[in-house]
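Below is one structure, written out as structure tokens; the observations come after it.
Naming convention: chains lettered A, B, ... in sequence-line order (proteins, then strands); numbering from 1 in each chain. This one's a predicted model, so the numbers in the text were calculated from it and none came from an experiment.
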Amino acid sequence: MLAVRSLRLSHFRSYQSLDITPDTRPVVLFGANGAGKTNLLEAVSMLSPGRGMRRAKTQDIARTPEALGWKIWAELHSLGQTHQIVTSSEGGARTVHIDEKVTPQLALGRIARLVWLVPVMDRLWVEGAADRRGFLDRLTMSFEPRHAEAVLGYEKAMRERNRLLKDRVQEPSWYAALETQMARFGAEINTNRDFAVDRLTAAQTDTSTSFPVADLEIEHTSQAVSADDLELAFAEDRIRDMDAGRTLSGPHRADLRAVYAAKEMEARLCSTGEQKALLVSLILANARALAQDFGAPPILLLDEVAAHLDADRRAALYDEICELGAQAWMSGTGPELFEAFGDRAMMIEVSERNGASEVQIS
Amino acid sequence: MQERAGREIEQLVDLMARLPGLGPRSARRAVLQMIKKRGQLLEPLAKSIAEVSATARECMACGNISGLETCAICNDPARQNGEMCIVEDVSDLWAMERTSLFKGTYHVLGGVLSALDGVGPDALRIPRLVERVHQHNISEVILALNATIDGQTTAHYIVDQIEGSNVRITSLAQGVPIGGELDYLDDGTISAALKARKAF
């Protein structure tokens, strides 16, 4: 079981303070627009490495006008162990303590696996490739937390190479040194992404689900996928890349293609509801696969999850979440959207009073 | 007069607070302690700082900092054993020397390659390194650079520059630190340690 069993916030977004102790059931947050539901989900998302589900800068998270910084305390049950996580920022970089020891953010990935679905992702299949790549990388990180290091390493080396290209630096050894590292990290990224797609595919087909199966494929910008081939390709592309002032091909340009299998239709051409259903399908497949690989399904953060889903699909989603035993944190404007849960979920009403969010457990 | 003395002390505190590892509070405490122990700390420190300021210089050969044009390590014939250790900074050289294990010579790069920070090969002491490797009968170059992207880029660049000159190129091992507990190590370090495992 992977679940947040206690959550305290201080000066986090609209919350001056918050102290809740969820049980292992799914958590439903309902309330009016602007009450602070998404802020609470974002706080939970900060229990994973990175900038959380809004990709916000640490200083933007602090409650205003106080601007005192922010702090999150959480008790996390993970595979039979209880961990105390404290993460905070006083305006600068965020710090993480696990069990009272300062740790790098990446260590969070070893004990907590989180996957989220937010409203901006409803247009994932029709927007640019960068968002789909980010989605794929987040799913990949849930299987392989070290994927984050490979992505960061690749991007850092690529930024260095791009600067050389932009400045038209003629220094083959310098390019080669950077390309060696880009190739090593790039090959790792490709392997991890392929693994994630294989696991998602298997988890979609090996089960009975009410959600449509998505046939997934990673589209590469070139044939080069292995470290040796990537290194060679980067070297061969230097002149072209120099004219463009940036690296034009590599894992940073890959795209995730999805086809609605039953209709043999590209996801981008499907209806809005079908596109959302495909996304939910992948999130559930990810949870099923992680339950096998990691030993517990991830914590799911599903913001405004009911949007674009009809009543039957909503009920099916809630049934699958309960069957998985995943602690899902979901938000929506009204409790009626979650009626199908019955007493299988913990209902929390979020409201705003005197400029601060507060919660009440129903 | 009182005000003047106060301003000078504040200036000293400000300067001390700019040093690595010190903040305004610790700088103030250090300055206060020095003033209280004027004869034992403040005056010898002032004299010592003046002497170091007048004599400290970079070794022409390796980039180490000492009071000589060529540092004691480079001047020691016993250390001309064909092994040369490449480090980013003088502090890394001093860290290596604390082990008293390495008996060869050093080469201090003075940083690492970083296009984003505008640090290229010529801003470092890489051309001088290549020259030294070729001129001084070096048989082994040990890369003791940090395991960061910039550190490793610099390592690859150096390898490219000196490869083919019949020099053995090695790098420091990566893995479990002495006294380290596996449970607290990151996955990358454990992987590196596993890959570099040796017979017990």
Heavy-atom distances under 4.5 Å only: say whether [X] touches chain B with side chain, backbone, both or neither.
| X | result |
| --- | --- |
| A:Glu179 | neither |
| A:Tyr175 | neither |
| A:Ser173 | both |
| A:Lys166 | neither |
| A:Ala157 | both |
| A:Leu106 | neither |
| A:Arg146 | side chain |
| A:Arg110 | side chain |

Residue pair A:Glu160 / B:Thr153, side-chain heavy-atom distance below 4.5 Å =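 No, every pair of side-chain atoms sits at 4.5 Å or beyond.
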With side chains defined as the heavy atoms from C-beta onward, is the minimum distance between B:Asp150 and A:Lys156 less than 4.5 Å?
->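 Sidechains of A:Lys156 and B:Asp150: in contact.
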Surrounding [atom1] of [X] (heavy atoms of other residues, nucleotides or ligands, distance under 6.0 Å), is the total greater than 12?
| X | atom1 | value |
| --- | --- | --- |
| B:Glu69 | CD | no |
| A:Met1 | CE | yes |
| A:Asp60 | CG | yes |
| A:Glu100 | CD | no |
| B:Gln161 | CD | yes |
| B:Arg38 | CZ | no |
| B:Gln174 | CD | no |
| B:Arg168 | CZ | no |

At what distance, to the nearest 0.5 angstrom, does [atom1] of [X] lie from [atom2] of [Y]?
| X | Y | atom1 | atom2 | answer |
| --- | --- | --- | --- | --- |
| B:Asp160 | A:Glu171 | CG | CD | 9.0 Å |
| A:Gln181 | B:Gln152 | CD | CD | 6.0 Å |
| A:Met158 | B:Ile149 | CE | CD1 | 12.0 Å |

Can you tell which part of B:Thr154 gets under 4.5 Å to a heavy atom of chain A, answering side chain, backbone, both or neither?
->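 For B:Thr154, no heavy atom lies under 4.5 Å from chain A.
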